[in-house]
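One structure is given here, and the rest of the page talks about it.
The figures here come from the full heavy-atom set of this structure, side chains too, leaving out hydrogens, waters and symmetry mates. This structure is a prediction, so every number in the text was calculated from the model and none was measured.
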Amino acid sequence: MTNPTRTIAISRLQADRRLSLQRRAAIVRWGTLAALVVAWEVLGRTVLSGNPYLAPPSAVATEGLSGILRPDALLELWNTTSRFLVSFAIVVVAGVPLGILLGRLSQGLFAGARDVVTIVYALPMVPFYPLLVLWLGLGAPSEIAFGVLHGIVPVLLIVMTAGNGVNRDLITSAQTMGASRLQRLAWVVLPASLGDVIGGLKIGASLTMLGVLLAELMISVDGVGSFIARQIVNHQAARLDAMILVVCVGVVIIIAVLSALERRAQRGQVQ
């Protein structure tokens with residue numbers, strides 16, 4: 001018979017080891033970040049002091065942040081944020097259901113659809129943006145469409161692969177109990193692959209933001225991309241780097257939220 005005291009001691013030891021590992025990971029993570037900031041400051045004050053596109057962190061925190069906290073810069077940031085949110089909402093609403101549906105096709109159709117999506121994923125998207133401008137006009141519609149184009153393809157590929165890998169016994173059990181195809185997709189396939197779906201959305205979110213920013217950098221009259229282009233032309237390194245950092249922090253927050261949802265989904269995932 002198992003000794004309760006020994007079991008409790010082993011559990012505590014395992015918990016202590018996990019906590020120690022998390023602490024070491026945190027030290028490495030934040031230590032690396034601090035080292036990079038220090039190196040950036042030193043290089044910005046010495047070797048790269050004359051670089052018009054790289055300001056040291058101290059200058060970014062003072063001159064740069066004050067420059068992007070002005071109403072005009074905040075408006076540019078909001079324009080890009082709103083376009084990203086609309087683009088990502090379209091990616092989620094269209095990409096996840098379509099990916100689940102494609103994932104549950106017959107193996108022959110699934111393999112063909114996966115190859116098509118893979119080929120599209122490998123294509124460079126930048127040449128398509130002038131076409132979107134011609135079709136949708138200059139401004140938000142074409143930029144949103146370009147963001148969707150970047151984000152939806154990897155989401156489709158990941159979601160359809162996750163849906164195809166769902167345990168066949170779960171599908172058969174639901175079918176035996178009278179569930180329709182739509183019910184099986186919504187109540188069996190999606191919950192069973194939810195962790196992978198959210199993981200795909202993390203990649204989709206990053207690429208959607210990339211698409212919106214690329215569109216604004218190429219042909220745009222407003223938004224973060226247009227703001228960055230103006231700072232490059234005017235050699236405003238502090239404002240340029242500050243805006244880039246703000247965008248990076250925003251993306252990191254989005255990815256962190258999705259990562260937390262992914263871990264939670266995987267703990268309660270149907271197997």
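For the pair V155/I203, no side-chain contact is recorded, criterion being any heavy-atom separation below 4.5 Å from C-beta on. Inter-residue side-chain proximity for I232 and I228 is flagged as met; some heavy-atom pair is nearer than 4.5 Å. A 4.5 Å side-chain heavy-atom check between V148 and T208 finds every atom pair outside the cut-off. Put simply, the side chain of R184 does not reach to within 4.5 Å of the side chain of L190, judged on heavy atoms. Residues I144 and F84 have side chains not in contact (no heavy-atom distance under 4.5 Å, counting atoms from C-beta outward). The shortest distance between side-chain heavy atoms of Y129 and L149 does not fall below 4.5 Å. For the pair Q107/N164, a side-chain contact is recorded, criterion being any heavy-atom separation below 4.5 Å from C-beta on. Using a 4.5 Å heavy-atom cutoff, the side chains of F88 and L201 are in contact.
Panel note: side chain S180, backbone Q183; a donor-acceptor pair is recorded below 3.5 Å. With R239 contributing its side chain and I68 its backbone, the two residues share no donor-acceptor pair below 3.5 Å. In this structure, R70 contributes its side chain and G67 its backbone to a donor-acceptor pair below 3.5 Å. Using a distance-only test at 3.5 Å, with no hydrogens or angles considered, no donor-acceptor pair links the side chain of N234 to the main chain of Q236. Side chain of T62 to main chain of A59: a donor-acceptor pair is present (N/O by atom type, distance under 3.5 Å, no hydrogens or angles).
Interatomic distance, S142 OG to I219 CD1, rounded to the nearest 0.5 Å: 8.0 Å. Taken to the nearest 0.5 Å, the SG atom of C248 stands 10.0 Å off from the CG atom of D241. Of the inter-residue distances, the one linking L98 atom CG with I152 atom CD1 reads 7.0 Å to the nearest 0.5 angstrom. One distance of note links CG of L102 with OG1 of T161; it measures 10.0 Å at 0.5 Å rounding. To the nearest 0.5 Å, atoms CD1 (I255) and CD1 (I253) are separated by 11.0 Å. Atom OG of S226 and atom CG of L217 lie 8.5 Å apart (nearest 0.5 Å).
With sequence neighbours excluded, the residues that form a salt bridge (Lys or Arg N to Asp or Glu O under 4.0 Å) with R45 are E41.
Nearest approach of A55 to V60, heavy atoms of both residues: O-CG2, 3.8 Å. What you find for P191 and A186 is that their closest heavy atoms are CD-O, 3.4 Å. Heavy-atom minimum distance, G95 versus L156: O-CD2, 3.5 Å. Heavy-atom minimum distance, T81 versus L77: OG1-O, 2.8 Å. Across all non-hydrogen atoms, the minimal contact from P154 to L207 is CG-CD1, 3.5 Å. When every heavy atom of A73 is checked against every heavy atom of F227, the shortest pair comes out as CB-CE1, 3.9 Å.
Hydrophobic clustering (ILVMFWY, side-chain heavy atoms < 4.5 Å, transitive): I244 and L75 are in distinct clusters. Placement of L261 and M209 within a single hydrophobic cluster is found when ILVMFWY residues are connected by side-chain heavy-atom separations under 4.5 Å, directly or transitively. The cluster map of Ile, Leu, Val, Met, Phe, Trp and Tyr, joined by side-chain heavy atoms under 4.5 Å apart, puts V42 and W40 in different clusters. Note: the hydrophobic cluster containing V117 does not contain L123 (ILVMFWY, side chain heavy atoms under 4.5 Å, direct or indirect links). Using a 4.5 Å cut-off between side-chain heavy atoms of Ile, Leu, Val, Met, Phe, Trp and Tyr, with links allowed through other members, L194 and I171 fall into the same hydrophobic cluster.
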Any chance you could lay out the side-chain hydrogen bond (donor to acceptor under 3.5 Å, both in side chains) test for R114 and T118, step after step, and finish with the verdict?
CA-CA 6 Å; R114 181 186 57 193; T118 302; 5.6 Å; no
Under the side chain to side chain contact (heavy atoms under 4.5 Å, CB included) rule, what do E143 and N79 come out as? Steps first, then yes or no, please.
CA-CA 11 Å; E143 291 160 5; N79 288 334; over 6 Å; no
Take V159 and D196 through the test side chain to side chain contact (heavy atoms under 4.5 Å, CB included) and record every step on the way to the result.
CA-CA 7 Å; V159 172; D196 294 326; over 6 Å; no
Check against side chain to side chain contact (heavy atoms under 4.5 Å, CB included), R264 and I198
CA-CA 10 Å; R264 184 170 182 178; I198 298 176; over 6 Å; no
Apply the test side chain to side chain contact (heavy atoms under 4.5 Å, CB included) to residues S173 and V188: give CA-CA distance (whole Å), side-chain angles for both, the deciding distance (0.1 Å), then the verdict.
CA-CA 10 Å; S173 299; V188 178; over 6 Å; no
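Applying the salt bridge (Lys or Arg N to Asp or Glu O under 4.0 Å) test to pairs two or more places apart or on separate chains, those with a residue in residues 201-224 are R83-E216, R83-D222, K202-E262.
Classification of the F146-H150 ring pair by plane angle, with boundaries at 30° and 60°, yields perpendicular.
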Report, one line per pair, each donor and acceptor closer than 3.5 Å where one atom sits in a side chain of residues 29-38; sequence neighbours left out.
{"unit_1": "T32", "atom_1": "OG1", "unit_2": "V28", "atom_2": "O", "d": "2.6"}

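Ion pairing of R230 with E76 is present here, as a side-chain N (NZ or NE/NH1/NH2) and a carboxylate O approach within less than 4.0 Å.
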